[in-house]
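Given the structure is predicted, the values throughout are model-derived calculations rather than measurements. First listed ligand is number 1; within each ligand, the first listed atom is number 1.
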Amino acid sequence: MASPRHFLTLLDFTPAELQGLIARASEMKRDHRAGADQRRFHGKVLGMIFAKSSTRTRVSFEAGMAQLGGHAMFLSPQDTQLGRGEPVEDSARVISSMVDIVMIRTYGHDIVDRFAEHSSVPVINALTDDFHPCQLLADMQTWSEHRGPIAGKTACWVGDGNNMCQSYINAARQFDFQLRIACPPGFEPRPELLAANRDRVELTHDPVAAARGADLLVTDVWASMGQEAEQKTRARQFAPYQVNEALLEHAASDALYMHCLPAHRGEEISAGLMDAADTVIWDEAENRLHAQKALLEFLLIGR
Ligand code: CP
Ligand code: NVA
């Protein structure tokens, strides 16, 4: 049997496939809003493994699967044998023999790699410590709906060199834009990822320099899930890296700013920007639903 396609990072799909997904996501969004019946996956089951908390990811996958006529099953390690030490490889063989597609949110990226290697059905990375590719589908869809093609534009990442930042590095490569990263010393993304993308990615510790003339500013929490104990010390180190009205002044006059959420107003983003009437952050969150429906469709029927 041919091994299934997986979506573990943005590099698993070609640039053309990613562009196709974004276009399809916007089309499915329009159809959904027009009240179209999108049920085409009768009897199909999505297994959702969540080792970390989630609002957007769970709601969007579960609602999306229901809208597509299938079913989504929530599996937490606390309630399954995964949490009692059953090997990931064994769990993958068993779970994938019963469901049609699997989504995993977990800690080490090696866990989704190992699961995918032993899965007979497609596996989607719904966030690891290293990458969050589903969020990038939504971000790229949001950019495209508001501004058209992102190719040739300049995005600026402000904050931690975390899973979202590293996904933006992959996005810069796959969607053909320049990325400037401004992070506090010691919080850079992985050096090998930077080295592999030297032509598109610049690293600095100066948020103003990074934001100057940028078309898109992006940020995320200063302490990710699993780093809660570092929250206080990080808050001090990251204080100069807030995306706020003053920083936005340095960006292009029509710049957009994004945040994957959940957000901490007054930390990585100002309350004013979060609550601005013209922010696209809520579209960005909603687009998780549409982008992942397009992703499920692509992986389930290859469209
Ligand atoms: N942005 C995102 O993945 O949100 P959740 O953690 O709520 O799923
Ligand atoms: N970097 C954050 C993203 C949450 C969606 C985390 O990993 O907690």
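The shortest separation from a heavy atom of Arg288 to ligand 1 is under 4.0 Å, placing the residue in contact. At a 4.0 Å cut-off, not a single heavy atom of Leu127 sits close enough to ligand 1 to count as contact. For the ligand labelled ligand 2, residue Asp160 lies outside the 4.0 Å heavy-atom shell. Assignment of Lys52 to the shell around ligand 1 is not supported, since no heavy atom sits closer than 4.0 Å.
Salt bridge status for Lys29 with Asp283: absent, with no side-chain N to carboxylate O gap under 4.0 Å.
Classification of the Phe298-Phe13 ring pair by plane angle, with boundaries at 30° and 60°, yields tilted.
For atom 4 (O) of ligand 1, the closest non-hydrogen atom on the protein side is Arg56 NE, 2.8 Å. Annotation: atom 6 (O) of ligand 1 to nearest protein heavy atom, Arg105 NH1, 2.8 Å. For atom 8 (O) of ligand 2, the closest non-hydrogen atom on the protein side is Met225 N, 2.8 Å. For atom 3 (C) of ligand 2, the closest heavy atom belonging to the protein is Asp220 OD2, 3.5 Å.
The neighbour count for Arg39 CZ, taken as heavy atoms of other residues, nucleotides or ligands under 6.0 Å away, does not exceed 12. Few gaps surround CZ on Arg265; more than 12 heavy atoms of other groups in view lie less than 6.0 Å from it.
Gln174 and Asn170 share no side-chain donor-acceptor pair at under 3.5 Å. Checking Arg84 against Gln81 by side-chain atom types alone, a donor-acceptor pair falls below 3.5 Å.
In terms of polar-atom proximity, defined here as any N/O pair under 3.5 Å, His132 makes no such contact with ligand 2. In terms of N/O distances under 3.5 Å, ligand 1 is not approached by Arg58.
Atom numbering of ligand 1 starts at 1 in the shown order; those under 4.0 Å from a heavy atom of Thr55 are 5 (P), 7 (O), 8 (O). The atoms of ligand 1 that sit less than 4.0 Å from any heavy atom of Gln135 are 1 (N), 2 (C). Distances below 4.0 Å separate heavy atoms of His132 from the following atoms of ligand 1: 2 (C), 3 (O). Those atoms of ligand 1 that come under 4.0 Å of a heavy atom in Cys260, given as number and element, are 1 (N). Here is the list of ligand 2 atoms found below 4.0 Å of a heavy atom in Leu261: 5 (C). Here is the list of ligand 2 atoms found below 4.0 Å of a heavy atom in Asn163: 1 (N), 2 (C), 6 (C), 7 (O).
With a 4.0 Å cut-off on non-hydrogen atoms, Leu127 touches ligand 2 through its side chain and not its backbone.
At a threshold of 4.5 Å between non-hydrogen side-chain atoms, the residues His259 and Asp220 count as touching. Put simply, the side chain of Asn125 does not reach to within 4.5 Å of the side chain of Phe7, judged on heavy atoms. Here the side chains of Phe115 and Leu8 are not in contact, with every heavy-atom distance at 4.5 Å or above.
Between the Glu267 side chain and the Val221 main chain, no donor and acceptor come within less than 3.5 Å of each other.
Distance check: Ser167 OG to Trp157 CH2 gives 8.5 Å after rounding to the nearest 0.5 Å.
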